[in-house]
Amino acid sequence: MNKVVLKIYQPEDVKTVYAMFVDEKNFGIKSNSLSEDLFMDSLKINALWYEGDVLVGADVEYVRKDKDIYYFKITSKIAKGLKREHYRIDYKGNYYIKLIDMDSVSEFKRLIDRKSIQAKTKMSNKIKNIIQKETTNMQYVLRFLLEIDLKLDTILEMIGDKEVDLDFMLVDAIDISGGGISFFSTEQIDKDLYLYIEGDIREAMNRVTFYALGKVVTEFKTPKGYIYGVEFKYIDHELREDIIRFVFEKDRELIKRALQS
């Protein structure tokens, strides 16, 4: 059976649901995470699935439920050949963004280069790069060190005098991929400007820190604000790969949870 991922747009968020096709011809899917309540306040539903080895996507509309199978109809043109870096996973944290004009792009690229080097030389990043190559006993030790390092970073940030830039906007994260991010904002953003983005994902033993320049590629207005899709225009290659690994590791875990009987 083929996997399908639904992105259900709601007034302040996008819910992600993993399901399996059981009637691919009629877009019938099944999942433990589905319920008709999810669609009551939905503003839009987007679906991603594979046709062979090709990732495709389209907008869909909920039609009906027959026993435990949910049926949808495709309401837009099917986009084919989507790349792996555009496969996004839920992340419900925050991003810091700063709007900048074209004249400031070079300055912020240099800032990104400096901060990316610092991120890659942290102990946590070094441990992640070698942990899979070590013995089981050594992996246990390294995971313990990684947990200590992450907790130490958190404590230092809490007690440190962190410089505050009043031009930063703190926005609610929706999802992330190697190709970009989505977030919710109560304020409308000038799509002609670039976005300087700082992200620090901390989930369980995962830590992904990144700095990037991006451009708004989608704007979806809701009754409570705006959902923006942003494409990365400048990001360190190794940190992008860290994001992609995080996305696919979390993806596998979420699929197991949603589809287990």
Side-chain angles (χ1 to χ4, degrees), residues 1-92 172-186 188 191 216-231 247-261:
M1 289 191 294
N2 194 5
K3 176 186 75 175
V4 58
V5 180
L6 296 182
K7 295 282 187 179
I8 305 169
Y9 285 71
Q10 296 180 325
E12 294 181 85
D13 197 6
V14 178
K15 302 288 186 185
T16 300
V17 174
Y18 291 82
M20 298 295 287
F21 277 118
V22 292
D23 183 358
E24 199 161 345
K25 181 180 178 182
N26 297 302
F27 215 102
I29 63 175
K30 184 177 180 180
S31 170
N32 295 329
S33 303
L34 277 173
S35 71
E36 291 187 298
D37 292 341
L38 280 172
F39 312 121
M40 290 184 62
D41 297 324
S42 66
L43 307 172
K44 181 175 104 170
I45 306 172
N46 183 260
L48 287 172
W49 69 97
Y50 279 92
E51 292 184 352
D53 294 329
V54 179
L55 181 64
V56 302
D59 291 338
V60 297
E61 181 181 307
Y62 175 62
V63 177
R64 62 187 173 88
K65 179 183 178 185
D66 186 0
K67 296 181 180 177
D68 58 352
I69 302 175
Y70 294 80
Y71 288 91
F72 297 79
K73 67 178 180 180
I74 295 173
T75 58
S76 71
K77 183 178 179 181
I78 297 177
K80 298 188 176 184
L82 301 176
K83 298 179 181 179
R84 71 171 187 143
E85 59 262 31
H86 295 128
Y87 187 91
R88 297 190 175 185
I89 200 78
D90 276 9
Y91 169 58
K92 306 306 181 188
D172 295 328
I174 290 176
D175 58 31
I176 187 168
S177 74
I181 61 171
S182 295
F183 62 85
F184 173 82
S185 174
T186 55
Q188 189 170 23
K191 295 187 286 295
V216 171
V217 291
T218 62
E219 178 187 80
F220 187 77
K221 192 176 186 312
T222 80
K224 296 188 177 182
Y226 301 86
I227 294 173
Y228 286 103
V230 175
E231 181 181 3
V247 166
F248 279 89
E249 286 172 9
K250 187 173 179 181
D251 182 56
R252 285 194 294 268
E253 179 61 31
L254 290 174
I255 291 170
K256 288 180 185 177
R257 290 185 203 170
L259 303 182
Q260 64 187 1
S261 56

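In this text, all values refer to a predicted model and were calculated from it rather than measured experimentally.
Contact of the L43 side chain with the P223 side chain is registered, since non-hydrogen atoms from C-beta on lie closer than 4.5 Å. Side chains of K92 and I174 form a contact here, defined as non-hydrogen atoms less than 4.5 Å apart.
Checked by atom type and distance alone, the side chain of D68 never pairs as donor or acceptor with a backbone atom of K30 at under 3.5 Å. Within the 3.5 Å criterion, the main-chain N or O of V17 finds no donor-acceptor partner in the side chain of S33. Checked by atom type and distance alone, the side chain of T222 never pairs as donor or acceptor with a backbone atom of E12 at under 3.5 Å.
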| task | Check step by step if side-chain contact (heavy atoms from CB on, under 4.5 Å) holds for T16 and I89. | result | CA-CA 8 Å; T16 300; I89 200 78; over 6 Å; no
| task | Give the intermediate values and the outcome of side-chain contact (heavy atoms from CB on, under 4.5 Å) for residues D13 and F184. | result | CA-CA 7 Å; D13 197 6; F184 173 82; over 6 Å; no
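Within 6.0 Å of NZ in K250 there are more than 12 heavy atoms belonging to other residues, nucleotides or ligands. No more than 12 heavy-atom neighbours from other residues, nucleotides or ligands sit within 6.0 angstrom of NZ on K77.
Each of Y228, F220, Y226, Y91 was scored for a ring pair (Phe, Tyr, Trp, His ring centres under 6.0 Å) with F183, with one residue passing: Y228.
Electrostatic pairing of D251 and R88 does not count as a salt bridge here, judged by no charged N lying under 4.0 Å from a carboxylate O.
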Enumerate donor-acceptor pairs with a distance under 3.5 Å from any side-chain N or O in residues 52-64 to protein atoms, sequence neighbours excluded.
unit_1	atom_1	unit_2	atom_2	d
D59	OD1	N46	ND2	3.1
Y62	OH	E36	OE2	2.6
Y62	OH	K65	N	3.2

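Residues satisfying the side chain to side chain donor-acceptor pair (under 3.5 Å) test with N26, not counting sequence neighbours, are D23.
Note that OH of Y18 is 13.0 Å distant from CG of L34, once rounded to the nearest 0.5 Å.
Across every non-hydrogen atom of S177 and V247, the tightest pair is CA-CG2, 4.0 Å.
Aromatic ring centroids of F27 and F21 lie under 6.0 Å apart.
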